[in-house]
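Input: a single structure, listed below in C-alpha coordinates.
Chain letters run A, B, ... following the sequence lines, proteins first and then strands; every chain starts at 1. Keep in mind that this is a model prediction, so the values were computed, not measured.
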Amino acid sequence: MSFETPDDRRYLESHEWALETDGVVRVGISDFAQDELGDVVFVELPDEGDDVTQEAAFGVVESIKAVSDLYAPVSGEVVAINDDLFDAPERVNDDPFGDGWMLEIDPDDESELEDLLTADEYEDQIA
Amino acid sequence: MTGDRTRYDQARWTDDGQYEPLLSEKDRTRVEIDEDDSPLPDDLTRDSLELPELSEPELARHYTRLSQMTYGIDSGPYPLGSCTMKYNPKFTEDVAALPSGAVHPDRTERSLQGTLELCYRLQDYLGRIGGMDAVTLQPPAGAAGEFTGIRVAAAYHEHNGEDHRNEVIVPESAHGTNFATAALAGYDVISLPSDEGGRVDLEALEAALSENTAALMLTNPNTLGLFERDIVEIAEMVHDVGGLLYYDGANLNALLGRARPGDMGFDVMHYNVHKTFATPHGGGGPGAGPVGVVDDLAPFLPAPRVRKTATEYELFEPEHTIGHVHGFQGNWLVLVKTFAYIARLGDEGLTDASAKAVLNANYLASQIEYDVPYEPFHHEFVASAGDQDAADVAKRMLDYGVHPPTTKWPEIVPEALMTEPTEVESKETLDQLAAAFNAVAGEDDETLETAPERSSARRIDQTSAARNPRLSWQALEEE
(Lines give C-alpha, C1' and ligand atoms only; values in the text may rest on other atoms or scores of the structure.)
Protein backbone atom coordinates (compact mmCIF):
# COMPACT_ATOMS: atom_id res chain seq x y z
CA MET A 1 0.00 0.00 0.00
CA SER A 2 1.42 3.35 -0.87
CA PHE A 3 0.74 6.54 1.00
CA GLU A 4 0.67 10.14 -0.12
CA THR A 5 3.67 12.21 0.98
CA PRO A 6 3.33 15.64 -0.66
CA ASP A 7 6.76 17.17 -1.28
CA ASP A 8 5.65 20.74 -0.48
CA ARG A 9 6.23 20.10 3.21
CA ARG A 10 8.56 18.59 5.80
CA TYR A 11 7.98 15.61 8.11
CA LEU A 12 8.88 14.35 11.57
CA GLU A 13 9.91 10.78 12.32
CA SER A 14 6.86 10.76 14.59
CA HIS A 15 4.68 11.27 11.46
CA GLU A 16 3.64 14.92 11.76
CA TRP A 17 3.97 17.21 8.73
CA ALA A 18 4.87 20.91 8.66
CA LEU A 19 3.93 23.27 5.83
CA GLU A 20 5.26 26.82 5.85
CA THR A 21 3.18 29.51 4.13
CA ASP A 22 3.90 33.24 4.55
CA GLY A 23 5.88 32.67 7.71
CA VAL A 24 3.24 30.50 9.40
CA VAL A 25 3.78 26.75 9.87
CA ARG A 26 0.69 24.56 9.56
CA VAL A 27 0.88 21.13 11.25
CA GLY A 28 -0.96 17.83 10.83
CA ILE A 29 -0.29 14.11 10.68
CA SER A 30 0.63 12.09 7.61
CA ASP A 31 -1.50 9.80 5.51
CA PHE A 32 0.58 6.89 6.81
CA ALA A 33 -0.09 7.97 10.42
CA GLN A 34 -3.85 8.25 9.99
CA ASP A 35 -3.90 4.81 8.36
CA GLU A 36 -1.89 3.27 11.20
CA LEU A 37 -4.12 4.87 13.80
CA GLY A 38 -7.38 3.86 12.18
CA ASP A 39 -10.55 5.86 12.78
CA VAL A 40 -9.67 8.97 14.76
CA VAL A 41 -12.26 9.70 17.44
CA PHE A 42 -10.76 12.57 19.39
CA VAL A 43 -8.12 15.26 18.98
CA GLU A 44 -6.79 17.33 21.87
CA LEU A 45 -5.06 20.57 20.87
CA PRO A 46 -3.43 23.46 22.73
CA ASP A 47 -5.06 26.88 22.92
CA GLU A 48 -4.25 29.76 20.63
CA GLY A 49 -1.49 31.78 22.25
CA ASP A 50 0.17 28.75 23.87
CA ASP A 51 3.84 28.15 23.21
CA VAL A 52 5.02 24.87 21.73
CA THR A 53 8.54 23.48 21.61
CA GLN A 54 10.16 21.58 18.76
CA GLU A 55 9.87 17.81 19.33
CA ALA A 56 7.81 18.29 22.51
CA ALA A 57 4.23 17.02 22.71
CA PHE A 58 1.60 19.65 21.87
CA GLY A 59 -1.52 17.50 21.85
CA VAL A 60 -3.07 14.07 21.63
CA VAL A 61 -4.79 12.12 18.90
CA GLU A 62 -7.02 9.23 19.93
CA SER A 63 -8.29 6.50 17.62
CA ILE A 64 -10.24 3.34 18.29
CA LYS A 65 -6.86 1.58 18.41
CA ALA A 66 -4.48 3.90 20.20
CA VAL A 67 -3.81 7.19 21.92
CA SER A 68 -0.75 9.02 20.60
CA ASP A 69 1.05 12.23 21.49
CA LEU A 70 1.48 14.84 18.77
CA TYR A 71 4.90 16.48 18.46
CA ALA A 72 5.65 20.00 17.33
CA PRO A 73 7.86 20.40 14.24
CA VAL A 74 9.10 23.85 15.31
CA SER A 75 9.07 26.00 18.42
CA GLY A 76 6.81 29.02 18.51
CA GLU A 77 3.40 30.39 19.38
CA VAL A 78 0.14 28.72 18.38
CA VAL A 79 -1.73 31.25 16.22
CA ALA A 80 -4.60 29.02 15.09
CA ILE A 81 -6.09 25.63 15.83
CA ASN A 82 -8.44 23.60 13.68
CA ASP A 83 -11.38 23.48 16.07
CA ASP A 84 -13.51 21.77 13.41
CA LEU A 85 -11.72 18.59 14.45
CA PHE A 86 -13.47 18.60 17.83
CA ASP A 87 -16.81 17.86 16.13
CA ALA A 88 -15.42 16.12 13.04
CA PRO A 89 -12.29 14.17 13.96
CA GLU A 90 -12.85 12.01 10.87
CA ARG A 91 -11.32 14.84 8.82
CA VAL A 92 -7.92 13.62 10.01
CA ASN A 93 -8.62 10.32 8.25
CA ASP A 94 -10.38 11.74 5.23
CA ASP A 95 -7.97 14.54 4.37
CA PRO A 96 -4.83 14.38 6.53
CA PHE A 97 -2.88 16.93 4.49
CA GLY A 98 -5.82 19.32 3.98
CA ASP A 99 -8.94 19.72 6.13
CA GLY A 100 -7.39 17.46 8.76
CA TRP A 101 -4.72 20.05 9.71
CA MET A 102 -4.35 20.60 13.44
CA LEU A 103 -2.66 23.87 14.26
CA GLU A 104 -0.66 26.80 12.95
CA ILE A 105 2.51 28.01 14.60
CA ASP A 106 4.27 31.35 14.35
CA PRO A 107 7.81 29.94 14.51
CA ASP A 108 10.52 31.47 16.68
CA ASP A 109 13.09 30.35 14.15
CA GLU A 110 11.96 29.31 10.69
CA SER A 111 15.27 27.57 10.04
CA GLU A 112 14.17 24.84 12.45
CA LEU A 113 12.20 23.45 9.51
CA GLU A 114 15.54 22.48 7.97
CA ASP A 115 15.96 19.95 10.82
CA LEU A 116 12.99 17.96 9.56
CA LEU A 117 12.76 15.13 7.04
CA THR A 118 12.10 15.84 3.38
CA ALA A 119 9.25 14.00 1.69
CA ASP A 120 11.77 11.59 0.14
CA GLU A 121 13.44 10.90 3.47
CA TYR A 122 10.07 10.38 5.13
CA GLU A 123 8.96 8.03 2.36
CA ASP A 124 12.07 5.96 2.99
CA GLN A 125 11.20 5.81 6.67
CA ILE A 126 7.72 4.45 6.12
CA ALA A 127 8.61 2.20 3.19
CA MET B 1 -16.85 -35.11 25.28
CA THR B 2 -19.52 -35.32 22.62
CA GLY B 3 -20.68 -33.03 19.85
CA ASP B 4 -18.94 -30.04 18.34
CA ARG B 5 -17.72 -28.02 21.29
CA THR B 6 -17.04 -25.01 19.10
CA ARG B 7 -20.67 -24.72 17.94
CA TYR B 8 -22.46 -21.87 19.65
CA ASP B 9 -25.41 -19.62 19.11
CA GLN B 10 -26.45 -16.86 21.42
CA ALA B 11 -30.11 -16.03 21.99
CA ARG B 12 -31.65 -13.53 19.59
CA TRP B 13 -35.19 -12.53 20.36
CA THR B 14 -36.02 -10.41 17.34
CA ASP B 15 -35.54 -11.12 13.64
CA ASP B 16 -33.94 -7.83 12.82
CA GLY B 17 -31.20 -8.20 15.40
CA GLN B 18 -32.53 -5.32 17.48
CA TYR B 19 -31.94 -5.47 21.16
CA GLU B 20 -34.59 -6.42 23.65
CA PRO B 21 -36.66 -3.24 24.00
CA LEU B 22 -36.26 -1.12 27.07
CA LEU B 23 -39.02 -1.32 29.65
CA SER B 24 -39.94 2.24 28.77
CA GLU B 25 -40.35 1.18 25.15
CA LYS B 26 -42.65 -1.68 26.11
CA ASP B 27 -45.04 0.54 28.02
CA ARG B 28 -45.23 4.28 28.52
CA THR B 29 -47.98 4.59 31.09
CA ARG B 30 -47.94 8.05 32.58
CA VAL B 31 -48.59 8.44 36.28
CA GLU B 32 -50.15 11.78 37.19
CA ILE B 33 -50.11 13.31 40.62
CA ASP B 34 -52.83 15.86 41.32
CA GLU B 35 -52.13 17.38 44.65
CA ASP B 36 -49.22 19.71 45.01
CA ASP B 37 -48.26 19.26 48.63
CA SER B 38 -44.54 18.84 48.17
CA PRO B 39 -42.42 21.09 50.35
CA LEU B 40 -39.82 21.26 47.54
CA PRO B 41 -39.60 24.24 45.17
CA ASP B 42 -41.61 23.83 41.96
CA ASP B 43 -38.53 23.60 39.75
CA LEU B 44 -37.39 20.51 41.64
CA THR B 45 -40.66 18.61 41.37
CA ARG B 46 -42.83 17.20 38.59
CA ASP B 47 -46.44 16.14 38.58
CA SER B 48 -46.27 13.36 36.04
CA LEU B 49 -43.86 10.54 35.37
CA GLU B 50 -43.62 7.78 32.78
CA LEU B 51 -43.54 4.50 34.66
CA PRO B 52 -43.81 1.27 32.67
CA GLU B 53 -46.65 -0.96 33.85
CA LEU B 54 -45.88 -4.58 33.02
CA SER B 55 -47.03 -7.88 34.42
CA GLU B 56 -44.63 -9.99 36.44
CA PRO B 57 -44.08 -12.55 33.64
CA GLU B 58 -43.39 -9.73 31.18
CA LEU B 59 -40.82 -8.36 33.56
CA ALA B 60 -39.29 -11.77 34.31
CA ARG B 61 -38.97 -12.52 30.59
CA HIS B 62 -37.41 -9.14 29.93
CA TYR B 63 -34.60 -9.73 32.37
CA THR B 64 -34.19 -13.39 31.44
CA ARG B 65 -33.81 -12.43 27.80
CA LEU B 66 -31.27 -9.78 28.64
CA SER B 67 -29.29 -12.32 30.63
CA GLN B 68 -29.39 -14.71 27.67
CA MET B 69 -28.16 -12.03 25.32
CA THR B 70 -25.11 -11.18 27.33
CA TYR B 71 -22.08 -13.15 28.40
CA GLY B 72 -20.61 -13.43 31.85
CA ILE B 73 -18.51 -15.72 33.98
CA ASP B 74 -21.69 -17.68 34.76
CA SER B 75 -22.04 -18.40 31.00
CA GLY B 76 -18.58 -19.73 30.28
CA PRO B 77 -14.84 -19.09 30.46
CA TYR B 78 -13.72 -15.47 30.60
CA PRO B 79 -9.93 -15.33 30.14
CA LEU B 80 -9.61 -11.55 30.02
CA GLY B 81 -5.94 -11.01 30.80
CA SER B 82 -4.93 -8.95 33.84
CA CYS B 83 -8.57 -8.77 34.90
CA THR B 84 -8.68 -12.05 36.85
CA MET B 85 -12.29 -12.80 35.97
CA LYS B 86 -12.85 -15.43 38.64
CA TYR B 87 -16.17 -17.05 39.15
CA ASN B 88 -17.94 -15.24 42.01
CA PRO B 89 -19.01 -17.94 44.44
CA LYS B 90 -22.68 -17.62 45.29
CA PHE B 91 -22.18 -18.23 49.00
CA THR B 92 -20.54 -14.81 49.32
CA GLU B 93 -23.75 -13.28 47.99
CA ASP B 94 -25.68 -15.20 50.64
CA VAL B 95 -23.36 -13.94 53.35
CA ALA B 96 -23.63 -10.37 52.11
CA ALA B 97 -27.42 -10.68 52.05
CA LEU B 98 -27.69 -11.67 55.72
CA PRO B 99 -29.93 -9.21 57.56
CA SER B 100 -27.30 -8.90 60.28
CA GLY B 101 -24.99 -7.27 57.76
CA ALA B 102 -27.48 -4.59 56.84
CA VAL B 103 -26.39 -2.21 59.55
CA HIS B 104 -26.32 1.51 58.92
CA PRO B 105 -22.77 2.62 59.65
CA ASP B 106 -23.76 5.92 61.26
CA ARG B 107 -24.21 4.49 64.75
CA THR B 108 -22.28 4.36 67.98
CA GLU B 109 -19.18 2.19 67.93
CA ARG B 110 -20.64 0.11 70.75
CA SER B 111 -23.57 -0.92 68.55
CA LEU B 112 -21.31 -1.62 65.56
CA GLN B 113 -18.99 -4.13 67.15
CA GLY B 114 -19.75 -6.87 64.61
CA THR B 115 -19.03 -4.59 61.66
CA LEU B 116 -15.86 -3.31 63.25
CA GLU B 117 -14.64 -6.79 64.15
CA LEU B 118 -15.05 -7.96 60.56
CA CYS B 119 -13.19 -4.88 59.30
CA TYR B 120 -10.42 -5.41 61.83
CA ARG B 121 -10.01 -9.05 60.92
CA LEU B 122 -10.07 -8.27 57.20
CA GLN B 123 -7.38 -5.61 57.69
CA ASP B 124 -5.36 -8.31 59.43
CA TYR B 125 -5.97 -10.95 56.72
CA LEU B 126 -5.03 -8.57 53.92
CA GLY B 127 -2.00 -7.35 55.81
CA ARG B 128 -0.74 -10.89 56.27
CA ILE B 129 -1.48 -11.86 52.66
CA GLY B 130 0.44 -8.86 51.32
CA GLY B 131 3.14 -8.69 53.96
CA MET B 132 1.95 -5.22 54.94
CA ASP B 133 1.83 -3.75 58.46
CA ALA B 134 -1.33 -1.66 58.18
CA VAL B 135 -4.37 -1.68 55.91
CA THR B 136 -7.21 0.70 55.06
CA LEU B 137 -10.44 -0.73 53.67
CA GLN B 138 -11.87 2.61 52.61
CA PRO B 139 -10.99 3.10 48.92
CA PRO B 140 -14.06 2.18 46.83
CA ALA B 141 -12.28 0.60 43.82
CA GLY B 142 -8.90 -0.59 42.59
CA ALA B 143 -8.09 2.70 40.88
CA ALA B 144 -9.22 4.60 43.98
CA GLY B 145 -6.88 2.37 45.98
CA GLU B 146 -4.01 3.22 43.68
CA PHE B 147 -4.71 6.91 44.03
CA THR B 148 -4.97 6.56 47.81
CA GLY B 149 -1.68 4.64 47.93
CA ILE B 150 0.19 7.27 45.94
CA ARG B 151 -1.39 10.04 48.00
CA VAL B 152 -0.18 8.29 51.15
CA ALA B 153 3.31 8.08 49.62
CA ALA B 154 3.17 11.79 48.77
CA ALA B 155 2.08 12.67 52.31
CA TYR B 156 4.97 10.61 53.68
CA HIS B 157 7.51 12.46 51.53
CA GLU B 158 5.99 15.81 52.40
CA HIS B 159 6.06 15.01 56.11
CA ASN B 160 9.78 14.23 55.78
CA GLY B 161 10.43 17.58 54.12
CA GLU B 162 10.94 15.94 50.75
CA ASP B 163 8.15 17.45 48.70
CA HIS B 164 10.66 18.21 45.93
CA ARG B 165 10.17 14.60 44.84
CA ASN B 166 8.03 15.12 41.74
CA GLU B 167 8.55 11.98 39.68
CA VAL B 168 6.88 8.58 39.63
CA ILE B 169 8.47 5.87 37.49
CA VAL B 170 6.17 3.43 35.68
CA PRO B 171 7.24 0.59 33.35
CA GLU B 172 5.92 1.01 29.81
CA SER B 173 4.15 -2.35 30.11
CA ALA B 174 2.27 -1.28 33.27
CA HIS B 175 -1.49 -1.05 33.63
CA GLY B 176 -2.81 2.24 32.29
CA THR B 177 -4.14 3.15 35.72
CA ASN B 178 -0.56 3.47 37.03
CA PHE B 179 0.21 6.33 34.64
CA ALA B 180 -3.15 7.91 35.33
CA THR B 181 -2.77 7.61 39.11
CA ALA B 182 0.65 9.22 39.13
CA ALA B 183 -0.46 12.03 36.82
CA LEU B 184 -3.67 12.67 38.78
CA ALA B 185 -1.64 12.85 42.00
CA GLY B 186 0.39 15.64 40.39
CA TYR B 187 3.55 13.74 39.52
CA ASP B 188 5.61 13.77 36.37
CA VAL B 189 5.43 10.26 34.96
CA ILE B 190 8.69 8.66 33.83
CA SER B 191 8.04 5.73 31.49
CA LEU B 192 10.52 2.90 31.88
CA PRO B 193 11.37 0.65 28.92
CA SER B 194 11.42 -3.13 29.34
CA ASP B 195 14.54 -5.20 28.74
CA GLU B 196 14.71 -7.82 25.99
CA GLY B 197 13.23 -10.45 28.26
CA GLY B 198 10.18 -8.28 29.02
CA ARG B 199 11.22 -7.32 32.55
CA VAL B 200 12.37 -4.10 34.21
CA ASP B 201 15.58 -2.90 32.54
CA LEU B 202 17.90 -2.29 35.50
CA GLU B 203 20.16 0.09 33.58
CA ALA B 204 17.18 2.14 32.46
CA LEU B 205 15.91 2.12 36.04
CA GLU B 206 19.28 3.29 37.36
CA ALA B 207 19.17 6.14 34.85
CA ALA B 208 15.60 7.10 35.77
CA LEU B 209 16.12 7.10 39.54
CA SER B 210 17.14 10.32 41.23
CA GLU B 211 16.59 12.48 44.28
CA ASN B 212 13.34 13.49 42.57
CA THR B 213 11.95 9.96 42.56
CA ALA B 214 8.85 9.70 44.73
CA ALA B 215 8.00 6.10 43.81
CA LEU B 216 8.36 3.26 41.35
CA MET B 217 5.05 1.52 40.58
CA LEU B 218 5.32 -2.15 39.66
CA THR B 219 3.11 -5.15 39.33
CA ASN B 220 4.68 -8.53 39.92
CA PRO B 221 4.34 -10.80 38.04
CA ASN B 222 4.24 -8.09 35.40
CA THR B 223 1.64 -7.76 32.66
CA LEU B 224 3.44 -10.40 30.56
CA GLY B 225 2.98 -12.80 33.48
CA LEU B 226 6.75 -12.72 34.12
CA PHE B 227 8.10 -12.61 37.65
CA GLU B 228 10.43 -9.67 38.20
CA ARG B 229 13.36 -11.76 39.36
CA ASP B 230 15.44 -8.72 40.28
CA ILE B 231 12.77 -7.36 42.59
CA VAL B 232 15.00 -7.33 45.69
CA GLU B 233 17.70 -5.41 43.84
CA ILE B 234 15.05 -3.10 42.35
CA ALA B 235 13.72 -2.39 45.84
CA GLU B 236 17.23 -1.55 47.08
CA MET B 237 17.85 0.77 44.15
CA VAL B 238 14.59 2.65 44.75
CA HIS B 239 15.15 2.85 48.51
CA ASP B 240 18.73 4.01 48.04
CA VAL B 241 17.52 7.22 46.41
CA GLY B 242 14.83 7.65 49.07
CA GLY B 243 11.94 6.56 46.84
CA LEU B 244 9.07 4.22 47.71
CA LEU B 245 8.12 1.02 45.94
CA TYR B 246 4.44 0.71 45.01
CA TYR B 247 2.83 -2.66 44.30
CA ASP B 248 -0.09 -2.77 41.89
CA GLY B 249 -2.12 -5.65 43.30
CA ALA B 250 -3.74 -6.50 39.97
CA ASN B 251 -1.61 -9.62 39.57
CA LEU B 252 -1.61 -10.78 43.18
CA ASN B 253 -3.53 -13.90 42.21
CA ALA B 254 -0.29 -15.40 40.90
CA LEU B 255 1.42 -15.15 44.28
CA LEU B 256 -1.25 -15.86 46.90
CA GLY B 257 0.22 -17.85 49.76
CA ARG B 258 3.62 -18.13 48.03
CA ALA B 259 5.25 -14.73 48.01
CA ARG B 260 4.37 -11.39 49.58
CA PRO B 261 4.97 -7.92 48.18
CA GLY B 262 6.07 -6.75 51.64
CA ASP B 263 8.81 -9.38 51.73
CA MET B 264 10.05 -8.24 48.31
CA GLY B 265 10.56 -4.71 49.60
CA PHE B 266 7.33 -3.04 48.53
CA ASP B 267 6.20 -0.21 50.82
CA VAL B 268 2.63 0.33 49.70
CA MET B 269 0.13 -1.71 47.69
CA HIS B 270 -3.49 -1.92 46.75
CA TYR B 271 -5.62 -5.05 46.63
CA ASN B 272 -8.11 -5.62 43.82
CA VAL B 273 -10.67 -7.58 45.77
CA HIS B 274 -12.76 -8.09 42.60
CA LYS B 275 -9.80 -9.90 41.07
CA THR B 276 -7.92 -11.74 43.77
CA PHE B 277 -10.81 -12.33 46.12
CA ALA B 278 -13.61 -13.04 43.64
CA THR B 279 -15.99 -10.20 44.42
CA PRO B 280 -18.03 -9.06 41.41
CA HIS B 281 -16.36 -6.93 38.75
CA GLY B 282 -17.78 -3.58 37.79
CA GLY B 283 -21.32 -3.43 36.56
CA GLY B 284 -21.55 -0.05 38.19
CA GLY B 285 -21.86 -1.63 41.59
CA PRO B 286 -19.82 -0.72 44.61
CA GLY B 287 -16.25 -2.02 44.69
CA ALA B 288 -13.34 -1.93 47.08
CA GLY B 289 -9.61 -1.36 46.73
CA PRO B 290 -8.00 -1.71 50.15
CA VAL B 291 -4.49 -0.32 50.58
CA GLY B 292 -1.71 -1.83 52.67
CA VAL B 293 1.47 -0.08 53.82
CA VAL B 294 4.58 -0.72 55.87
CA ASP B 295 4.82 0.78 59.38
CA ASP B 296 6.51 4.00 58.26
CA LEU B 297 3.53 4.94 56.11
CA ALA B 298 0.75 3.81 58.48
CA PRO B 299 0.31 7.26 60.11
CA PHE B 300 -0.75 8.67 56.74
CA LEU B 301 -3.52 6.18 55.89
CA PRO B 302 -7.08 7.44 55.41
CA ALA B 303 -9.35 7.89 58.40
CA PRO B 304 -10.99 6.19 60.08
CA ARG B 305 -9.27 2.85 60.62
CA VAL B 306 -10.33 0.12 63.03
CA ARG B 307 -8.28 -1.06 66.00
CA LYS B 308 -8.82 -3.37 68.93
CA THR B 309 -8.64 -2.32 72.54
CA ALA B 310 -8.69 -4.62 75.55
CA THR B 311 -12.46 -4.84 75.44
CA GLU B 312 -13.79 -3.74 72.08
CA TYR B 313 -13.16 -2.55 68.54
CA GLU B 314 -12.96 1.16 67.87
CA LEU B 315 -12.41 3.65 65.07
CA PHE B 316 -9.38 5.93 65.14
CA GLU B 317 -7.77 8.59 63.03
CA PRO B 318 -4.14 7.91 62.02
CA GLU B 319 -1.81 10.68 63.25
CA HIS B 320 -1.00 12.28 59.89
CA THR B 321 -3.95 10.96 57.93
CA ILE B 322 -4.58 12.13 54.37
CA GLY B 323 -8.25 12.29 55.41
CA HIS B 324 -11.32 10.42 54.22
CA VAL B 325 -11.36 8.85 50.77
CA HIS B 326 -14.87 7.42 51.14
CA GLY B 327 -17.71 7.33 53.64
CA PHE B 328 -17.44 5.27 56.80
CA GLN B 329 -15.68 1.91 56.29
CA GLY B 330 -15.80 1.94 52.51
CA ASN B 331 -18.18 -0.31 50.61
CA TRP B 332 -19.06 -2.61 53.42
CA LEU B 333 -20.88 -5.44 51.65
CA VAL B 334 -18.03 -5.93 49.17
CA LEU B 335 -15.73 -6.20 52.14
CA VAL B 336 -18.06 -8.82 53.64
CA LYS B 337 -17.75 -10.87 50.43
CA THR B 338 -13.98 -10.49 50.48
CA PHE B 339 -13.86 -11.62 54.09
CA ALA B 340 -16.15 -14.58 53.37
CA TYR B 341 -14.02 -15.70 50.42
CA ILE B 342 -10.76 -15.53 52.35
CA ALA B 343 -12.27 -17.24 55.39
CA ARG B 344 -13.80 -20.03 53.27
CA LEU B 345 -10.58 -20.76 51.37
CA GLY B 346 -8.16 -20.31 54.26
CA ASP B 347 -4.38 -20.49 53.92
CA GLU B 348 -4.51 -23.79 52.09
CA GLY B 349 -7.24 -22.77 49.66
CA LEU B 350 -5.62 -19.44 48.76
CA THR B 351 -2.28 -21.14 48.12
CA ASP B 352 -4.04 -23.75 46.02
CA ALA B 353 -5.80 -21.00 44.03
CA SER B 354 -2.53 -19.38 42.95
CA ALA B 355 -1.03 -22.77 42.06
CA LYS B 356 -3.98 -23.65 39.84
CA ALA B 357 -4.09 -20.18 38.30
CA VAL B 358 -0.48 -20.62 37.17
CA LEU B 359 -1.02 -24.23 36.10
CA ASN B 360 -4.12 -23.34 34.08
CA ALA B 361 -2.39 -20.50 32.24
CA ASN B 362 0.56 -22.73 31.38
CA TYR B 363 -1.63 -25.62 30.27
CA LEU B 364 -3.79 -23.40 28.06
CA ALA B 365 -0.72 -21.75 26.49
CA SER B 366 0.66 -25.19 25.69
CA GLN B 367 -2.53 -26.10 23.82
CA ILE B 368 -2.89 -23.09 21.53
CA GLU B 369 -1.32 -22.54 18.13
CA TYR B 370 -0.55 -18.87 18.61
CA ASP B 371 3.02 -17.98 19.55
CA VAL B 372 3.70 -16.92 23.15
CA PRO B 373 6.95 -14.95 22.92
CA TYR B 374 7.67 -14.23 26.60
CA GLU B 375 8.08 -16.91 29.26
CA PRO B 376 8.19 -18.38 31.83
CA PHE B 377 4.89 -16.78 32.71
CA HIS B 378 2.73 -17.29 35.74
CA HIS B 379 -1.03 -16.68 35.98
CA GLU B 380 -1.35 -15.12 32.52
CA PHE B 381 0.40 -15.19 29.18
CA VAL B 382 0.48 -12.88 26.19
CA ALA B 383 0.15 -14.68 22.86
CA SER B 384 0.62 -12.94 19.53
CA ALA B 385 -2.06 -13.12 16.84
CA GLY B 386 0.77 -12.78 14.32
CA ASP B 387 -0.58 -11.72 10.93
CA GLN B 388 -4.14 -11.61 12.19
CA ASP B 389 -5.69 -8.54 13.80
CA ALA B 390 -6.02 -9.23 17.53
CA ALA B 391 -9.30 -7.30 17.78
CA ASP B 392 -10.79 -9.37 14.94
CA VAL B 393 -9.58 -12.56 16.64
CA ALA B 394 -11.39 -11.45 19.77
CA LYS B 395 -14.63 -10.77 17.91
CA ARG B 396 -14.44 -14.15 16.24
CA MET B 397 -13.81 -16.00 19.50
CA LEU B 398 -17.24 -14.82 20.64
CA ASP B 399 -18.68 -17.06 17.92
CA TYR B 400 -17.21 -20.07 19.66
CA GLY B 401 -19.02 -19.39 22.92
CA VAL B 402 -16.07 -18.09 24.94
CA HIS B 403 -15.05 -14.66 26.06
CA PRO B 404 -11.91 -13.46 24.28
CA PRO B 405 -8.66 -12.38 25.92
CA THR B 406 -7.56 -8.78 26.38
CA THR B 407 -6.24 -7.53 23.02
CA LYS B 408 -3.48 -5.33 21.63
CA TRP B 409 -1.91 -4.78 25.03
CA PRO B 410 0.75 -4.83 26.35
CA GLU B 411 2.13 -3.30 23.18
CA ILE B 412 5.46 -5.05 23.63
CA VAL B 413 3.82 -8.09 21.98
CA PRO B 414 2.53 -7.48 18.42
CA GLU B 415 -1.24 -8.08 18.13
CA ALA B 416 -1.33 -9.16 21.75
CA LEU B 417 -3.81 -11.71 23.11
CA MET B 418 -3.42 -11.36 26.86
CA THR B 419 -4.92 -14.43 28.42
CA GLU B 420 -5.70 -15.30 32.03
CA PRO B 421 -7.97 -18.31 32.52
CA THR B 422 -7.80 -18.16 36.37
CA GLU B 423 -7.85 -21.15 38.67
CA VAL B 424 -11.58 -21.80 38.40
CA GLU B 425 -11.62 -23.54 35.01
CA SER B 426 -11.52 -27.33 34.62
CA LYS B 427 -9.30 -29.08 32.08
CA GLU B 428 -12.36 -29.62 29.89
CA THR B 429 -13.13 -25.91 29.85
CA LEU B 430 -9.50 -25.07 29.13
CA ASP B 431 -9.66 -27.50 26.20
CA GLN B 432 -12.80 -25.72 24.98
CA LEU B 433 -10.93 -22.41 25.15
CA ALA B 434 -7.95 -23.86 23.30
CA ALA B 435 -10.28 -25.22 20.60
CA ALA B 436 -11.72 -21.73 20.15
CA PHE B 437 -8.26 -20.15 19.87
CA ASN B 438 -7.17 -22.77 17.37
CA ALA B 439 -10.31 -22.60 15.26
CA VAL B 440 -9.84 -18.84 14.91
CA ALA B 441 -6.11 -19.20 14.22
CA GLY B 442 -6.97 -21.12 11.05
CA GLU B 443 -9.51 -18.66 9.68
CA ASP B 444 -9.16 -16.07 6.91
CA ASP B 445 -9.32 -12.29 7.25
CA GLU B 446 -12.77 -12.01 5.68
CA THR B 447 -14.28 -14.34 8.27
CA LEU B 448 -12.54 -12.47 11.07
CA GLU B 449 -13.52 -9.02 9.83
CA THR B 450 -17.23 -9.87 9.70
CA ALA B 451 -17.32 -11.63 13.08
CA PRO B 452 -19.14 -12.10 15.30
CA GLU B 453 -22.03 -13.77 13.53
CA ARG B 454 -23.45 -16.05 16.23
CA SER B 455 -23.78 -13.55 19.06
CA SER B 456 -26.87 -11.52 19.95
CA ALA B 457 -25.20 -8.29 18.93
CA ARG B 458 -23.12 -8.35 15.77
CA ARG B 459 -20.08 -6.19 15.17
CA ILE B 460 -20.45 -2.95 17.07
CA ASP B 461 -19.61 0.29 15.28
CA GLN B 462 -16.86 1.30 17.68
CA THR B 463 -15.96 4.41 15.73
CA SER B 464 -19.44 5.92 15.90
CA ALA B 465 -19.75 4.91 19.52
CA ALA B 466 -16.51 6.72 20.33
CA ARG B 467 -17.24 9.78 18.22
CA ASN B 468 -20.85 10.15 19.40
CA PRO B 469 -21.07 8.59 22.83
CA ARG B 470 -24.58 8.20 24.24
CA LEU B 471 -23.98 8.24 27.94
CA SER B 472 -27.43 8.64 29.44
CA TRP B 473 -31.08 7.83 28.89
CA GLN B 474 -31.51 11.38 27.66
CA ALA B 475 -29.65 10.43 24.49
CA LEU B 476 -32.46 7.98 23.71
CA GLU B 477 -35.11 10.60 24.39
CA GLU B 478 -33.48 12.94 21.87
CA GLU B 479 -33.71 10.45 19.02
Neighbour count >12 (heavy atoms, 6.0 Å) for atom CG, D7(A): no
Neighbour count >12 (heavy atoms, 6.0 Å) for atom CD, E13(A): no
Under 3.5 Å donor-acceptor, R467(B) side chain and F42(A) backbone: no
E90(A) versus chain B, the contacting section by heavy-atom distance below 4.5 Å: both
Over 12 non-hydrogen atoms of neighbours within 6.0 angstrom of CZ in R151(B): no
Taking every non-hydrogen atom, the tightest pair across V41(A) and T463(B): CG1-O, 4.0 Å
Exceeds 12 heavy-atom contacts within 6.0 angstrom, atom CG of D387(B): no
